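Position 1 is the first residue of the sequence, and the numbers go up from there. Just so we're clear, the structure is a prediction, and the values are computed from it rather than from any experiment.
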Amino acid sequence: MPKVGMEPIRRQQLIEATITSISRYGFADATISRISKEAGVSTGIIHHYFGSKDDLLEATMRTLLQQLRRDVVERLSAASTPEQRLAAIIDGNFADAQFDRPVIVAWLAFWAQVPHVPELARLQRVNARRLRSNLLYDLRRLLPNGRAEEAATGLAALIDGLWLRASLDGAENPATARTIVRGYLAAQLGTAAETVA
């Protein structure tokens, strides 16, 4: 009989083992057997807590999304101006814990599965809408609506692109990524100021 209170600990252990296995072997080869070995448990434990590999993969993506949301919300709580809030969103997307090699590889693997797995596609749509909504909320306070839309699209694309580049190049440098995206934001806000002047 499992110990009381063990379920959240065991589920987190299996999710971390899934991230590591995807990073080492790729999405398709991150088998239940490899994940269970990485976690140091039997394959039956995975089925007990998650039911199937697909359920475990979905739970892993949800966990990554929840951590991303916490990283952004934590920074937003300390921000008061629109500029500070936008910087908080950027910094949260490139938090050190998020911009870690196994996590980056896991994100890329999930993104690659989005066209084929409806539940992962739904989670990605929610994440993309949340990012865009967060960006637009403050950009609209600083730019005319059309410019705010363009800037939000550019910022979201740059964030995603830097993640993709990091996963392909193996060059994870969250400080550099934050600097690049903040520079793009400053250029967008500077261009808007010049247009108004």
Side-chain angles (χ1 to χ4, degrees), residues 8 11-12 14-23 26-28 30 50 52-79 82 84-141 148-169 172-178 180-182 184-185 188:
R11 288 175 70 87
Q12 184 61 37
L14 293 170
I15 286 168
E16 288 171 9
T18 301
I19 291 168
T20 301
S21 295
I22 290 171
S23 178
F27 192 86
F50 293 100
S52 70
K53 179 182 174 183
D54 288 344
D55 293 338
L56 174 57
L57 293 171
E58 180 186 330
T60 301
M61 186 170 180
R62 282 183 188 280
T63 298
L64 292 173
L65 286 167
Q66 288 165 352
Q67 182 60 53
L68 173 60
R69 186 169 185 267
R70 280 192 301 271
D71 286 338
V72 171
V73 168
E74 177 184 313
R75 286 162 176 79
L76 282 171
S77 67
Q84 289 171 347
R85 289 178 50 82
L86 288 163
I89 294 165
I90 293 165
D91 293 355
N93 274 274
F94 296 107
D96 290 343
Q98 285 292 320
F99 221 60
D100 176 64
R101 183 82 188 141
V103 173
I104 290 171
V105 172
W107 272 115
L108 180 63
F110 285 123
W111 283 336
Q113 294 304 308
V114 162
H116 313 290
V117 181
E119 186 52 30
L120 296 183
R122 188 188 72 74
L123 292 172
Q124 178 55 29
R125 281 192 306 274
V126 167
N127 183 53
R129 280 195 295 257
R130 180 181 297 131
L131 174 60
R132 185 168 176 76
S133 175
N134 284 340
L135 291 168
L136 275 172
Y137 176 80
D138 290 298
L139 286 167
R140 285 184 173 140
R141 296 165 65 192
E149 295 273 349
E150 289 174 11
T153 299
L155 283 165
L158 189 53
I159 289 168
D160 288 345
L162 286 168
W163 270 87
L164 177 61
R165 181 62 53 212
S167 68
L168 298 175
D169 291 349
E172 308 86 31
N173 189 329
T176 298
R178 289 189 294 261
I180 291 168
V181 180
R182 281 177 172 229
Y184 174 83
L185 173 62
Q188 293 301 303

Practice prompt. Could you check Asp138 against Arg85 for salt bridge (charged side-chain N to carboxylate O under 4.0 Å, His left out), going step by step and ending with a plain yes or no?
Written response: CA-CA 7 Å; Asp138 290 298; Arg85 289 178 50 82; 2.7 Å; yes
Fill in: Set of residues satisfying side-chain hydrogen bond (donor to acceptor under 3.5 Å, both in side chains) with respect to Glu119, sequence neighbours excluded
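Scan of Glu119 (side-chain hydrogen bond (donor to acceptor under 3.5 Å, both in side chains), adjacent residues dropped) gives Arg62, Arg122.
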Any non-hydrogen side-chain atom of [X] less than 4.5 Å from a side-chain atom of [Y]?
X	Y	result
Asp54	Val117	no
Arg11	Phe50	yes
Leu108	Phe27	no
Phe94	Thr176	no
Gln12	Pro8	no
Arg132	Leu155	no
Ile15	Leu64	no

First locate atom [atom1] of [X], then atom [atom2] of [Y], and finally report the distance between them rounded to the nearest 0.5 Å.
X	Y	atom1	atom2	value
Leu164	Asp169	CG	CG	9.0 Å
Leu135	Ile90	CG	CD1	7.5 Å
Gln98	Arg70	CD	CZ	9.0 Å
Ile180	Arg165	CD1	CZ	11.0 Å
Asn173	Asp96	CG	CG	9.5 Å
Arg75	Gln84	CZ	CD	14.0 Å

Worksheet item: Which residue, Asp160, Ile22, Leu65, Ile19, forms the side-chain contact (heavy atoms from CB on, under 4.5 Å) with Trp107?
Response: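 Among Asp160, Ile22, Leu65, Ile19, the one that satisfies the side-chain contact (heavy atoms from CB on, under 4.5 Å) with Trp107 is Leu65.
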Whether the side chain of [X] engages the backbone of [Y] through a donor-acceptor N/O pair (distance < 3.5 Å, no angle test) should be reported.
X	Y	answer
Arg101	Ala166	yes
Asn93	Ile89	yes
Ser133	Arg129	no

Discussion item. Restricting to non-hydrogen atoms, name the atom on Lys53 and the atom on Ala28 that form the minimum distance, rounded to 0.1 Å.
Written reply: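 Residues Lys53 and Ala28, closest heavy atoms: NZ-O, 3.7 Å.
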Worksheet item: Taking all non-hydrogen atoms of both residues, which atom of Leu139 and which atom of Ala152 are closest, and how far apart?
Response: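 Heavy-atom minimum between the residues: CD1-N, 3.5 Å.
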Fill in: Candidate pair Glu150 and Gln188, rule side-chain contact (heavy atoms from CB on, under 4.5 Å), full reasoning
CA-CA 9 Å; Glu150 289 174 11; Gln188 293 301 303; 5.5 Å; no
Discussion item. Within the 3.5 Å criterion, strictly below it, is a donor on Arg69 or Gln66 matched to an acceptor on the partner's side chain?
Written reply: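 The criterion, which ignores hydrogens and geometry beyond distance, is not satisfied for Gln66 and Arg69.
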Practice prompt. Would you check, one step at a time, whether the test side-chain contact (heavy atoms from CB on, under 4.5 Å) holds for Leu123 with Val114?
Written response: CA-CA 9 Å; Leu123 292 172; Val114 162; over 6 Å; no
Worksheet item: In terms of the angle between their ring planes, are Trp163 and Phe99 parallel, tilted or perpendicular, with boundaries placed at 30° and 60°?
Response: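 Perpendicular, since the angle between the ring planes exceeds 60°.
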